[in-house]
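Report on the structure given below.
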Amino acid sequence: MKLVPLKKKFHHTKPSSRIGLFLSHHKKISIALGGALFVCLIAGSYIWWSFSAWAQFEDRYVSLRQNTATKFSDTLKLPVGTADQKIKKIAAFDELGKDITGQQNICEDVPGLIKWQHTVSAIKRYEDDCKSLLVKLGVLKTNITEMTGYIKDEQAVATLIQTASTGSLAELDETTMQDTAAKWHTFSEKMKVLKVTTEFEPVLIDLRTKSDHLDACWQEVIAAHTAKDRARFEKARDELSRAYGSFKDSRQVSDKVSAEVQKTLEAQYAQNKS
């Protein structure tokens, strides 16, 4: 029997199939690289946006500090020599106070997608600085309220004094003495019940003492005049003159207290700048 050798069968891969495998393999690599690049692009954009958002956050509270300092400095320099000047200064301080109040939520104005980053020490500094500024501005606003309250009290008392201060002491006209004495009595009574700020209280206490004395002097002048006692009248008139002089000295007390209130305000301003 003759053995016939078996022919080995070889499976040859067609050229087109090899190209397809090659392209399929590289396509997968391309997709993977494209996906990685896309992820890197998203991550890079997020990081860039985060830094930009925190930088804007810092710019906001730094600008607030600088703008407040500028407005405060300008307002503090405004004169208060006349009633109109006082009104303008109060209005300027009130406006500054409203600006501070309107910025109380500035430290919370952070996009939700980056808010979690405040746990990072480098980022937490931004929030700490912002909150520290708001605390200082809150104290400053309190001092501003005290200053404006003092000026308003001063204005109210000045109006009452102006109403009582009619006529001339030198002449003591018999036809107006009763009316003038009544006005100073009314002023004295109003001083007893007048409600003022804590800062103006020392001035009010001084005014109450002096207005009571002035009122008593006027009553004595009227009594002496009614009794037609010349010696008593002249003595009462001289005492009334001294009472007026003492009453005018209350302005020095007011100026002293006003200076102390402003000094406190300036000290807080200096702390706010640091």
Side-chain angles (χ1 to χ4, degrees), residues 78-94 143-265:
L78 293 176
V80 288
T82 66
D84 287 342
Q85 289 175 339
K86 289 179 180 179
I87 291 173
K88 288 181 180 180
K89 190 158 187 170
I90 289 173
F93 268 132
D94 283 344
N143 295 137
I144 287 174
T145 301
E146 292 171 355
M147 169 63 85
T148 55
Y150 183 92
I151 298 175
K152 289 175 182 178
D153 288 338
E154 197 175 45
Q155 280 184 302
V157 170
T159 299
L160 293 174
I161 292 175
Q162 186 176 13
T163 301
S165 300
T166 56
S168 172
L169 177 63
E171 296 178 359
L172 282 182
D173 191 339
E174 293 182 9
T175 61
T176 60
M177 278 195 305
Q178 291 283 357
D179 183 55
T180 303
K183 287 181 178 180
W184 280 109
H185 177 71
T186 299
F187 175 80
S188 178
E189 292 301 306
K190 287 184 176 180
M191 288 296 99
K192 293 175 183 177
V193 297
L194 185 65
K195 302 297 183 181
V196 297
T197 58
T198 302
E199 290 68 37
F200 196 79
E201 192 70 30
V203 180
L204 180 61
I205 292 173
D206 181 66
L207 283 171
R208 281 173 177 167
T209 300
K210 292 174 179 177
S211 63
D212 282 348
H213 181 54
L214 193 59
D215 180 31
C217 288
W218 266 113
Q219 298 309 314
E220 176 62 13
V221 166
I222 297 299
H225 180 264
T226 302
K228 299 187 183 303
D229 186 333
R230 186 176 184 83
R232 180 184 176 186
F233 179 82
E234 290 179 350
K235 181 180 179 180
R237 184 188 60 188
D238 292 342
E239 184 60 28
L240 179 62
S241 179
R242 286 190 290 270
Y244 266 112
S246 178
F247 184 82
K248 291 178 180 178
D249 288 342
S250 293
R251 182 66 194 180
Q252 297 177 3
V253 177
S254 178
D255 290 343
K256 180 181 178 181
V257 176
S258 177
E260 291 173 354
V261 173
Q262 181 156 319
K263 184 178 180 181
T264 300
L265 192 57

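Position 1 is the first residue of the sequence; numbering continues from there.
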Checklist outcome for this item: So CG of Asp94 and NZ of Lys152: to nearest 0.5 Å the spacing works out to 4.5 Å

Next on the checklist: Could you measure the distance from the CG atom of Leu240 to the CD atom of Gln219? Nearest 0.5 Å is fine.
Outcome noted: 10.5 Å

Item to check | Qualifying residue for side chain to side chain contact (heavy atoms under 4.5 Å, CB included) with Phe93, from Leu78, Thr145, Ile144 | outcome: Ile144

Next on the checklist: For a quick test of reading the model, state the closest non-hydrogen atom pair linking Pro79 to Lys89 and the distance between them.
Outcome noted: O-CD, 4.4 Å

Checklist entry - Distance from Ser258 atom OG to Asp153 atom CG, nearest 0.5 Å? => result 11.5 Å

Next on the checklist: Ignoring hydrogens, what is the shortest heavy-atom contact between Met177 and Trp218? Give both atom names and the distance.
Outcome noted: O-CZ3, 4.1 Å

Checklist entry - So do the side chains of Leu265 and Glu146 get within less than 4.5 Å of each other, counting heavy atoms only? => result no

Extract all donor-acceptor atom pairs below 3.5 Å that involve side chains of residues 223-231 and protein atoms in other chains or at least two apart in sequence.
from	atom 1	to	atom 2	distance (Å)
Thr226	OG1	Ile222	O	2.8
Asp229	OD1	Ala231	N	3.3
Asp229	OD1	Arg232	N	3.1
Arg230	NE	Glu234	OE2	3.3

Item to check | Salt bridge Arg208-Asp212, side-chain N to carboxylate O under 4.0 Å | outcome: no

Checklist entry - After noting the C-alpha distance and the side-chain angles of Lys263 and Glu260, does the key distance pass the salt bridge (charged side-chain N to carboxylate O under 4.0 Å, His left out) rule? => result CA-CA 5 Å; Lys263 184 178 180 181; Glu260 291 173 354; over 6 Å; no

Checklist outcome for this item: d(Gln85 CD, Ile151 CD1) to nearest 0.5 Å is 11.0 Å

Item to check | Stepwise salt bridge (charged side-chain N to carboxylate O under 4.0 Å, His left out) check, Asp238 with Arg242 | outcome: CA-CA 6 Å; Asp238 292 342; Arg242 286 190 290 270; 5.4 Å; no

Checklist entry - Glu199 and Val257: which non-hydrogen atoms are nearest, and at how many Å? => result O-CG1, 3.2 Å

Extract all donor-acceptor atom pairs below 3.5 Å that involve side chains of residues 154-161 and protein atoms in other chains or at least two apart in sequence.
from	atom 1	to	atom 2	distance (Å)
Glu154	OE1	Lys86	NZ	3.3
Glu154	OE2	Ser254	OG	2.8
Thr159	OG1	Gln155	O	3.0

Checklist outcome for this item: Separation between CG (Asp215) and CD (Glu189), nearest 0.5 Å, reads 7.0 Å

Checklist entry - Out of curiosity, Lys210 NZ to Ser250 OG, how far, rounded to the nearest 0.5 Å? => result 3.5 Å

Checklist entry - Do the two ring centres, one from Phe247 and one from Trp184, sit under 6.0 Å apart? => result yes

Item to check | Taking every non-hydrogen atom, the tightest pair across Tyr244 and Thr180 | outcome: OH-CG2, 4.4 Å

Checklist entry - Taking the side chain from Ser165 and the backbone from Gln162, do they hold a donor-acceptor pair closer than 3.5 Å? => result no

